[in-house]
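Heads up: the structure comes next, in structure tokens.
On a predicted model such as this, the values are computed, not experimentally measured, just so you know. Every number for a ligand or one of its atoms is a count from 1 in the order of the listing.
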Amino acid sequence: MRRDGLRGQVSHSTVDRCAVSGDGQGPLQVNGIRWQLDPEVTIGRAIVAAAQRLGGAGVDSPRLDAEVLLGHVLGMTRAQLYAHADRRLSEEERRRFEALVGRRCLHEPVAYLVGRKAFYGLDLLVTPHVLIPRPETELLVDLALDTLAHRSRSASGNGAQPQATLADVGTGSGAVALAVAANNPHVQILATDISAAALEVAQENARRLGLEDRVRFLRGHLLEPLPQPVDLIVANLPYVAESEWPSLAPDIANYEPALALAGGPDGLSLIRDLLAQAPRYLLPGGSLFLEIGSGQGAAVARLASAAFPSAYVEVLTDYAYHDRVVAVRT
Ligand SMILES: C[S@@+](CC[C@H](N)C(=O)[O-])C[C@H]1O[C@@H](n2cnc3c(N)ncnc32)[C@H](O)[C@@H]1O
């Protein structure tokens with residue numbers, strides 16, 4: 001399947017080549033045939049067999065997924081799986097692996113199956129209550145860190161050590177807020193989300209990373225929960241338009257929270273609301289970075305210029321040359 005843009009919108013040019021059924025808990029059925037591994041199966045053979053099944057179910061990266069899932073069951077890295085390719089699986093290991101492969105064949109994302117996702121070098125917990133952090137969102141982190149470093153260089157010329165404040169709006173797993181906090185010891189972060197369940201995950205990630213003193217999580221609509229204006233606002237808000245829903249990959253549409261994806265009729269409802277609020281919450285000289293969908297650059301730049309008439313507004317693209325961030329520097 002062809003991935004197209006951050007949220008993995010796909011064209012359905014590849015039709016699933018085999019019918020997969022099952023509730024994901026018991027043995028998998030492929031084309032009506034019960035799929036079970038040989039009781040004597042080794043690590044190496046289990047990976048090959050699972051990769052064939054996953055490929056047949058239309059999964060994008062079957063071999064990698066099989067290795068990650070088996071590594072999760074066995075508590076091994078991928079390198080360790082290769083080093084112990086001839087080791088036999090116990091019955092319990094085999095059954096757990098079969099169940100995970102079954103769920104993956106139904107397109108449940110690997111990150112939810114193993115409960116974690118790497119983002120900007122951090123190992124984050126993820127549950128179905130939060131969007132799985134995407135590599136493209138690391139651009140937001142880079143922009144925030146560069147802006148903070150620039151501020152710090154300018155201020156140290158005046159002999160001051162600035163204590164910058166940043167708001168991460170729609171924090172989800174806490175990915176952006178925690179990546180910025182982990183890489184800049186001087187920033188204080190306020191991270192908001194409308195979802196209490198997402199904030200629990202974010203809070204737990206902050207605790208595990210030892211960052212809870214510098215990231216405060218607040219529940220509410222966009223910037224409304226903020227107690228004071230900030231120097232920097234970053235946001236990866238839902239931006240999938242209603243017309244795009246039918247082309248979303250099943251991994252996304254059937255498993256990731258709609259609250260994290262749906263941006264209203266044109267995808268821009270929340271971005272519009274945020275830009276209406278932002279002038280009240282951004283300190284003079286502050287910056288705002290908004291992640292957007294490919295093709296939304298011109299529309300969001302227009303909205304941003306209307307909200308901040310004297311600001312420098314630009315659309316930045318990702319490595320695939322898709323519109324990815326609108327940057328507003330006041
Ligand atoms: C696309 S996800 C981004 C999550 C995370 N920042 C990331 O990049 O992985 C959008 C997040 O916005 C949150 N959200 C949706 N509507 C919101 C609102 N009105 N106010 C605050 N957060 C909202 C969702 O719950 C979700 O966690």
**Polar contact flag, side-chain donor to acceptor under 3.5 angstrom, Tyr319-Glu136** = no

**Request:** State whether Glu256 and Arg134 are salt-bridged, where the test is any N-O pair (Lys NZ or Arg NE/NH1/NH2 against Asp/Glu carboxylate O) under 4.0 Å.
**Result:** yes

**Message:** Using modelled atom types and a 3.5 Å cut-off, is there a donor and acceptor pairing between side-chain atoms of His72 and backbone atoms of Gly115?
**Reply:** no

**Asked** Is Ser173 in contact with ligand 1, taking contact as a heavy-atom separation below 4.0 Å?
**Response** no

**Request:** Could you go through the side chain to side chain donor-acceptor pair (under 3.5 Å) check for Tyr82 and Glu67 one step at a time?
**Result:** CA-CA 9 Å; Tyr82 281 98; Glu67 289 176 1; 2.5 Å; yes

**Asked** With respect to atom 15 (C) of ligand 1, which of Leu259, Leu218, Leu261 exhibits the smallest heavy-atom separation?
**Response** Leu259

**Asked** Will you find, in the side chains of Tyr120 and Asn183, an N or O donor that is under 3.5 Å from an N or O acceptor?
**Response** no

**Request:** Give yes if a backbone or side-chain nitrogen or oxygen of Leu222 is under 3.5 Å from a nitrogen or oxygen of ligand 1, and no if not.
**Result:** yes

**Request:** Would you check whether Asp193 has a nitrogen or oxygen atom less than 3.5 angstrom from a nitrogen or oxygen atom of ligand 1?
**Result:** yes

**Request:** Flag His221 as yes when one of its N or O atoms lies below 3.5 Å from any N or O atom of ligand 1, and as no otherwise.
**Result:** yes

**Prompt:** Under 3.5 Å, N or O to N or O, is Ile132 touching ligand 1 that way?
**Reply:** no

**Message:** Using a 3.5 Å cut-off on N or O atoms only, is Asp168 in polar contact with ligand 1?
**Reply:** no

